[in-house]
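A short write-up of the structure that comes next.
Quick note: numbers below take in every heavy atom, side chains included, and nothing from hydrogens, waters or symmetry partners.
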Amino acid sequence: MADLLVWLVAALGSVGGVVLGRLWGRVEGKRAGKREAERDAMEDKSKRIERGRDAVRDGRVTGDPAERLRRNDGRW
């Protein structure tokens with residue numbers, strides 16, 4: 001009877017370890033995914049800001065304001 005009880009406790013411990021391991025892995029995966037998404041969003045934001053600054057800088061240097069207005073009028 002004691003042998004059966006030892007085997008039962010060992011089996012329950014093994015199953016519990018597997019379940020706990022899967023839950024722990026899922027939590028770590030979500031955490032890593034969230035960090036990666038935040039990092040990607042920050043990189044995208046900085047690239048968009050830099051492109052916008054370049055566009056403003058290039059747009060202000062291109063000559064006559066009236067000509068810029070005529071060029072941009074069709075884009076609206």
Query raised in the report: Who are the side chain to side chain contact (heavy atoms under 4.5 Å, CB included) partners of Asp54, not counting sequence neighbours?
Result: Glu50, Arg57
**Report entry** Flag side-chain contact, heavy atom, 4.5 Å: Leu69 against Asp73
**Finding:** no
Report task. Please identify each residue that fulfils salt bridge (Lys or Arg N to Asp or Glu O under 4.0 Å) with Arg31, with sequence neighbours left out. Result -> Glu28
Query raised in the report: Listed by chain and number, what are the side chain to side chain contact (heavy atoms under 4.5 Å, CB included) partners of Leu4, not counting sequence neighbours?
Result: none
Report summary line: Separation between NZ (Lys45) and CE (Met42), nearest 0.5 Å, reads 5.5 Å
Query raised in the report: Considering residues at least two apart in sequence or located in another chain, which fulfil the side chain to side chain contact (heavy atoms under 4.5 Å, CB included) criterion with Glu36?
Result: Arg39, Asp40
Query raised in the report: Given a cutoff of under 4.5 Å between side-chain heavy atoms of I, L, V, M, F, W and Y, with clusters grown through shared members, what are the other residues clustered with Leu8?
Result: Leu12
Report summary line: Taken in chain and number order and not counting sequence neighbours, the residues that satisfy side chain to side chain contact (heavy atoms under 4.5 Å, CB included) with Ala66 are Asp64, Arg70
